[in-house]
Structure formats: C-alpha cells, structure tokens
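Single-structure report; data block below.
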Amino acid sequence: MQRDAGDVSSSKPSLEFFHYKGVPFTKDSIFTEENIRFVESEFQVQDDDVYNVTYPKSGTTWMLEILSLIYSNGDTARTRTVPNWLRSPWIETTNGQEQLKDLTPPRVLTSHLPYHIFAKSFFTSKAKIIYTLRNPKDVVVSLYHFSKISRFFQDARSVDEYLDIFLRGDLLYGSWFDHVRGWMQMKGRSNFFFITYEELQQDLRGSVVRICDFLGRELDEAALDSVVENVAFKAMNDNKMANYTYLSDEFLDHSKGSFMRKGISGDWKNHFTIAQCDHFHRVYREKMRNFPVKFSWDEDWTEEGAPVL
Ligand code: A3P
C-alpha cells in the first residue's frame, strides 16, 4: 500500500454548486435547476426505456457500451460510428435532453441522478433500471484522477483531499452513500437490476447473459461473443466512439489524462494509506449501518478494522 505518487497542486478555480433537494450540481450550462426540475417532474419515461443508472465513476460507460451492443445484437456498426453520449444520452443534462429527442425506441438512457430526484414518471412505468455499483474506494481513486480532466468535478491536490470531499458528499451528484441507499430500495422490484463493476470484471460473459435475461433479449453465441469482445477495456479504449476522445476539450481536458484510465478493481491499494483506509472504513461502517445488502468490498477490512491487502 503506497501513498499516491501523483499528488499535485490544484489547477482549477473552485467550482460553484447549486443544490436541488439537497443534491449538489455544478453551476454550468449543462446543469440547470430548471432542467433538473423538468426531469424530475415532467420528463416522460416510456415503458420500453432502459436506464443505465450509476454514481459517477462506477462503470457507467462500460454498461452503456454493453447495452448498446446487446440492443444491436452484437452488431458494431453503431458503436463504431456514433459517440456513446448520443447513443445513450444523460437525461439530466441540457445537452442530453436535446440529444435524446433523436432516439428511436427502445431508448437506452443514462443518468447519475439519485433516487429521490429521479424522473417521477419512471415509478409508474414498466421501464427498467440497471444500477451499476463499484467499490467506493476505487470510485474515490477514479474520481480523483477524473477530476483533473473534467470540467464538472472539483480537483484536489491529493487523494486525501478527495477522500474528504467524497466522504462529505460535497461534489456533483452528492453522497455515494445516499445514492446507493436510495437506489437499492428498489432491490427486488422486477424492473430493477443491480450489478457491480467487480462482477463485470470477474465474469463479463456471465454478467452479459444475466443482463440479457433481465432485459428479455436473447442473443445467440456469436452475438454474445461480439458484445464481450467489444466491451473489453482495450477494445473500448481503441474505439473513439467509446473512449471520449471525441468529446470537446471544453468538457474534458485531454492534455491532462484519459477517460479510459486503468479499468481495474483494487487500484485503491495503490493510493490509500493505512490511515486513510481506517478513516474510510469508520465512515463507511457508520453510514452503511443496517444496510441489508452485502458487497464484495465489505470484505476489504477485518473485524478489527485492518485493511485486507
Ligand atoms: P478507472 O478510472 O479506475 O480506470 P464511469 O464510466 O462511470 O465514469 O467509470 C469510469 C471508470 O470505468 C474508469 O475507471 C474507466 O477506466 C472504467 N472503465 C470504462 N470502460 C471499462 C471497461 N471496458 N473495462 C473496465 N473498466 C472500464
């Protein structure tokens, strides 16, 4: 376990937030209060919609690619010619709202919105949600690096500083704990499916089969092979329509890093000190007290609080 070698000073001016029902959103033309209110209260969910919902840095883009290829029966024509954000727009952004007008059903849409401000019309529809979660310590590390290239996340001088921001939930979309607790209330509903980034890593093919079952899509072996092959980290990294290199510098500062960074589980071990782990686990245990679902990362530390390395 080592301290992050890349501690550097912050190069971005501080971002300002507005809060919508307690959730911070970066003040930017992409996020406006009117738009978030519109999505929550007026956006019309369609029964055949599928929503790719995540807390940021949890595997959103990976799931988006999996869903695109499941819906094309493994045909890569669209995933190689249409940028992912147009294939599955973010419903809560002003740009996404415009982009989704061009979609034909069944729509695959993306969102990072927490449960309590998600589109109300979803809850009376037959639309489906796939909720992807990731070890929150890896989310912190991924966010720390992403914040250096993204216009919407405050960057930090060190992982330690980011850890504080994360544990306070003082960032775009708010607290991981609230997000997970909120969405996981849906567990057991027939239109809600959850999966972890770690499960995708461990058994990608089996995970794709489970996702297909949930969606009621039958893929033959060749189509399945194509999905698995084309959503591998390397394949997505090589696909300009999946790796965000086409996204304007206005959104991502490509000179500071890549969206497709490492794509591994357990990178927290290369970044967190023992003291940071200990602090993280204390807060985690408190915030997730009595939470009924166990995750693989709950095994990351012993009863005595020591990290399992
Ligand atoms: P790292 O920063 O740890 O590399 P999101 O899409 O929710 O923003 O998540 C981004 C994270 O998912 C990044 O993690 C990125 O590298 C990883 N990722 C994207 N596509 C992946 C793939 N095909 N396989 C594994 N990880 C992937």
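Remember, it's 1-based here, ligands and their atoms both numbered in the order they're listed.
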Q. For G263, is at least one N or O under 3.5 Å away from an N or O on ligand 1?
A. yes
Q) Nearest protein heavy-atom contact for atom 23 (N) of ligand 1: which residue, which atom, what distance? A) V231 O, 2.8 Å
Q: Return yes when Y197 approaches ligand 1 closer than 4.0 angstrom through a heavy atom, no otherwise.
A: yes
**Q.** Sub-6.0 Å ring centroid separation between F31 and Y20
**A.** no
Q) Are any of the side-chain heavy atoms of T60 and N52 separated by less than 4.5 Å? A) yes
**Q.** Distance flag, aromatic centroids of Y115 and F123, threshold under 6.0 Å
**A.** yes
Q | Pair R107-D49, salt bridge (Lys or Arg N to Asp or Glu O under 4.0 Å): steps then yes or no | A | CA-CA 5 Å; R107 306 183 299 183; D49 284 348; 2.7 Å; yes
Q) With a cut-off of 4.0 Å, which atoms of ligand 1 are near a heavy atom of K262? A) 4 (O)
Q: Specify side chain, backbone, both or neither for S58, according to which of its non-hydrogen atoms lie closer than 4.0 Å to ligand 1.
A: backbone
Q) Do any nitrogen or oxygen atoms of M260 come within less than 3.5 Å of a nitrogen or oxygen of ligand 1? A) no
Q.
Taking a cutoff of less than 4.0 Å between a non-hydrogen atom of the residue and any ligand atom, is F259 in contact with ligand 1?
A. yes
Q) Is the shortest side-chain N to carboxylate O distance from E65 to R87 below 4.0 Å? A) yes
Q: Using non-hydrogen atoms of the residue, decide whether A242 is closer than 4.0 angstrom to ligand 1.
A: no
Q. Going by distance only, is there an N or O of D138 that falls short of 3.5 Å from an N or O of ligand 1?
A. no
Q.
I need the single residue from F17, Y173, F152 that forms a ring-ring contact (aromatic ring centres under 6.0 Å, His included) with F25. Which is it?
A. Y173
Q: Please assess K137 against D267 for the test salt bridge (Lys or Arg N to Asp or Glu O under 4.0 Å), listing each intermediate value before the final yes or no.
A: CA-CA 8 Å; K137 292 202 291 298; D267 198 27; over 6 Å; no
Q.
Tell me whether R134 reaches ligand 1 (any heavy atom closer than 4.0 angstrom to a ligand atom).
A. yes
(Q) Counting non-hydrogen protein atoms only, what is the nearest one to atom 13 (C) of ligand 1? Give residue, atom name and distance. (A) S142 OG, 3.8 Å
Q | F118/W183 aromatic ring centres below 6.0 Å | A | yes
Q) Given the rule in the side-chain contact (heavy atoms from CB on, under 4.5 Å) test, do L171 and Y162 qualify, once you have shown the distances and angles that lead to the verdict? A) CA-CA 10 Å; L171 69 166; Y162 220 97; 4.1 Å; yes
Q) What are the atoms of ligand 1, with element, lying closer than 4.0 Å to any heavy atom of M236? A) 20 (N), 23 (N)
Q) Given that the side chain starts at C-beta and the backbone is N, CA, C, O, which of these parts of A232 lies under 4.0 Å from ligand 1, counting heavy atoms, or is it both or neither? A) backbone
Q: Answer with yes or no after comparing the ring centroid distance for H179 and Y131 against a 6.0 Å cut-off, counting only values under it.
A: yes
Q. Which ligand 1 atoms does T61 reach within 4.0 Å, using its non-hydrogen atoms?
A. 5 (P), 6 (O)
Q. Ligand 1 and R261, any nitrogen or oxygen pair closer than 3.5 angstrom?
A. yes
**Q.** Interfacing atoms of ligand 1 (cut-off 4.0 Å, heavy-atom, T60)
**A.** 5 (P), 6 (O), 7 (O)
Q.
Does the residue T54 have a heavy-atom contact with ligand 1, meaning some pair of atoms that are separated by less than 4.0 Å?
A. no
